[in-house]
> 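One structure, pasted below without further comment.
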Amino acid sequence: MIDGLTHQALGVLRDQADRLRNDLSYARPLCRVLVDGRDITASISARLVSLTLTDNRGLEADQLDIQLSDHDGLLAIPPRGAVVRLWLGWSDSGLVDKGSYTVDEVEHSGAPDVLNIRARSADLREGLARKRERSWHGQTLGDIVRAIAVEYGLQPLVQVALAAIGLPHLDQTGESDLNLLTRLAREHDAIASIKAGRLLMLPMGKSASASGLALPHIPLTRRDGDQHRYLEADRDAYTGAKAYYYELGSAQRKEAIAGSDDNAKALRHTYADRSSALRAARAEWRRLQRGSATLSYTLAKGRPDLIPELTYSLTGIKAEIAAIVWLGGNVTHNFTPDAYTTSLELTSKLPDSDELTSDQTEQHSGVLAWYRDEKTGEQKQVSAGEQSNPKRLTHLYASKASAERAVEREWSGSRFIHHI
């Protein structure tokens, strides 16, 4: 009998030890919050209802929302202008610095009583949104970005090819510097942003950090995800984009077209010369092509290292999703004391080659596609048919095999149509 009781007691102790070991090994979500340099993590940990950080692409301010329980009425409402610094992570991997944010909105509501704090990225400088009247003449894109950066105490970083683009004349009429930078980025298929005290102007999808270094490529599998939504659409069946311009000394409005004019999307702005109009048309055509396939993906275990402009490959859901490389847009981190998830907004990545936006004709002599080399990350080509006037496939493919399959499928279909 004593042996039986002893065996039973040892079994209970073993079960308790196993539970303790599991508790210690289970990764727990962690955050750290500083307000004006003071660590308040311990004082808010029992009150934290939720924390959401939206890391936006471009010049839209990143946004931090914190919701705290005020069930006992003891919470003080923080002053606007307070600077909040945030870290996110896990108990098994540590914390990642997610930057500083300035409180610009507070709300107390009930019942139950809760305090909502909204803060936006501190990198955006005061005055950027103020409307201005001025003109730029005989400048390059790099000259304009550098001039604006100096005015706000920012360090400019402009990709070399973008910096060299000449802009014969540019009017800034009733337009803020923020809007001007956004417009210039859109017209040149670039992304303008302010990060870490730098004003960046980089080609869309080049996946470079604030220091100009290449960002990593992130492989994901279905096991990483909690939810997904894949959409492939015709985007109103646009066949191209066109912009209007006037030549010097002529009152006749002319067109610059990227893609085909069959059902081209017309840009509203009228440009001063053909080269500016063609750049804007090509940028819009690339944007339309990029948005033809979109993917929303929520990671079951949040990753604080993920930021906009990273590239991804995703396997384990559908072959169509795994076949192409995805470009990251806005990233949302959702944190509670019990869970931490990361939501990604992705679009299909286009090849870097400018040839993708050259004018297309109905009769193609072959097919051309680009893929990302899995070992080196370089973009390479595969083709079928004669290459004097090939049809260039839109997506950047995730592997050589995926690109070869897409080229063969397109080329076989094209030859079948021509033989009818």
Side-chain angles (χ1 to χ4, degrees), residues 56-62 121 123-152 154 156-195 198-206 208 238 240-246 253-258 264-291 308-309 327 329-330 347 350 354 357:
N56 291 309
R57 170 197 269 172
L59 285 168
E60 184 181 356
D62 301 336
S121 53
D123 263 332
L124 289 185
R125 299 301 200 261
E126 185 178 354
L128 264 171
R130 186 177 67 249
K131 292 183 178 180
R132 306 186 65 168
E133 302 280 341
R134 57 178 169 177
S135 295
W136 309 82
H137 190 74
Q139 303 286 303
T140 65
L141 181 58
D143 292 334
I144 296 173
V145 174
R146 282 189 285 269
I148 294 174
V150 169
E151 292 175 358
Y152 296 97
L154 297 166
L157 178 62
V158 189
Q159 193 255 4
V160 174
L162 286 174
I165 293 174
L167 300 175
H169 186 79
L170 178 68
D171 289 320
Q172 186 178 355
T173 306
E175 184 178 26
S176 68
D177 290 333
L178 189 67
N179 192 74
L180 175 64
L181 290 167
T182 302
R183 175 162 67 92
L184 288 172
R186 184 178 183 87
E187 291 175 354
H188 295 86
D189 198 33
I191 181 167
S193 61
I194 298 176
K195 302 287 185 184
R198 293 181 172 92
L199 175 55
L200 289 79
M201 183 74 76
L202 302 171
M204 181 71 75
K206 289 295 186 182
Y238 285 123
K242 62 182 175 182
Y244 299 102
Y245 68 97
Y246 288 100
R253 190 173 72 162
K254 298 187 176 182
E255 298 177 349
I257 300 171
K265 180 180 179 180
L267 279 64
R268 289 182 293 177
H269 186 74
T270 300
Y271 295 86
D273 59 90
R274 185 181 184 279
S275 61
S276 298
L278 186 57
R279 277 196 298 267
R282 287 179 169 177
E284 184 62 26
W285 181 222
R286 290 181 69 89
R287 192 161 21 255
L288 290 170
Q289 292 173 305
R290 192 180 292 116
E309 285 295 291
L327 175 63
N330 295 351
T347 57
L350 304 185
D354 289 335
T357 57

> Backbone N or O of V158 within a donor-acceptor pair of the R146 side chain at under 3.5 Å?
no
> Does any part of the side chain of L167, heavy atoms only, come nearer than 4.5 Å to the side chain of L141, both counted from C-beta?
yes
> Measure the shortest side-chain to side-chain distance between I144 and M201 over non-hydrogen atoms and say whether it is less than 4.5 angstrom.
no
> Are the side chains of S135 and H169 in touch, meaning some heavy atoms are under 4.5 Å apart?
yes
> Verify side chain to side chain contact (heavy atoms under 4.5 Å, CB included) between R253 and Y246, making sure each step is shown before the conclusion.
CA-CA 5 Å; R253 190 173 72 162; Y246 288 100; 3.6 Å; yes
> Quick one, V145 and L162 - any side-chain contact, counting heavy atoms below 4.5 Å?
no
> Return the set of residues passing ring-ring contact (aromatic ring centres under 6.0 Å, His included) with Y245 (not counting sequence neighbours), or none when no residue passes.
none
> Can a donor-acceptor pair be found, under 3.5 Å and without considering hydrogens, that links the side chain of S193 to the backbone of L200?
no
> So, using side-chain contact (heavy atoms from CB on, under 4.5 Å) as the criterion, who are the partners of K265 when residues are at least two apart?
Y238, E284, L288
> Report the C-alpha distance between E187 and Y271 in whole Å, list the side-chain angles of each, state the deciding distance to 0.1 Å, and finish with yes or no for side chain to side chain contact (heavy atoms under 4.5 Å, CB included).
CA-CA 11 Å; E187 291 175 354; Y271 295 86; 3.2 Å; yes
> Answer whether the closest heavy-atom distance between the side chains of L170 and Q139 falls below 4.5 Å.
no
> Once you round to the nearest 0.5 Å, how far does NZ of K254 lie from NZ of K242?
15.5 Å
> So, for L202 and L157, which heavy atoms are closest and what is the spacing to 0.1 Å?
CD2-O, 4.5 Å
> Is any side-chain heavy atom of D143 less than 4.5 Å from a side-chain heavy atom of W136?
no
> Apply the side-chain hydrogen bond (donor to acceptor under 3.5 Å, both in side chains) test between E175 and each candidate in R183, R132, K131; give the one that qualifies.
R183
> Testing the basics here: between A241 and A264, what is the closest heavy-atom pair and its distance to 0.1 Å?
N-CB, 3.9 Å
> Using the side-chain contact (heavy atoms from CB on, under 4.5 Å) rule, pick out the option among R287, Q289, R290 that qualifies with T347.
R290
> Is any NZ, NE, NH1 or NH2 atom of the basic residue among K195 and E309 found under 4.0 Å from an Asp or Glu carboxylate oxygen of the other?
no
> Specify the closest pair of heavy atoms between A281 and A256, including all atoms of both residues, with the distance to one decimal.
CB-O, 3.7 Å
> Is the closest side-chain heavy-atom distance between D177 and Q172 below 4.5 Å?
yes
> Decide salt bridge (charged side-chain N to carboxylate O under 4.0 Å, His left out) for R282 and D189; before the verdict, give the C-alpha distance in whole Å, the side-chain angles of both, and the deciding distance to 0.1 Å.
CA-CA 8 Å; R282 287 179 169 177; D189 198 33; over 6 Å; no
> Rounded to the nearest 0.5 Å, what's the gap from CD1 on I191 to CG on L181? Could you check?
12.5 Å
> What distance separates L178 CG from E60 CD, expressed to the nearest 0.5 Å?
10.0 Å
> Over all heavy atoms of both residues, which pair between Y152 and G127 is shortest? Give the atoms and the distance, please.
OH-O, 3.3 Å
> Which residue pairs satisfy the salt bridge (Lys or Arg N to Asp or Glu O under 4.0 Å) criterion with at least one member in residues 161-172, sequence neighbours excluded?
none
> Calculate, to the nearest 0.5 Å, the distance between atoms CE and CG belonging to M204 and L350 respectively.
10.0 Å
> Quick one: does any side-chain atom of N330 pair with a main-chain N or O of R57 as donor and acceptor, under 3.5 Å?
yes
> Please give me the minimum heavy-atom distance between P168 and S276, naming the atom from each residue.
CD-OG, 4.3 Å
> Checking S176 against N179: is there a side-chain donor and acceptor pair closer than 3.5 Å?
no
> Salt bridge between R134 and E151, side-chain N to carboxylate O under 4.0 Å?
yes
> With a 4.5 Å limit on heavy-atom distance, are the side chains of L128 and I194 in contact?
yes
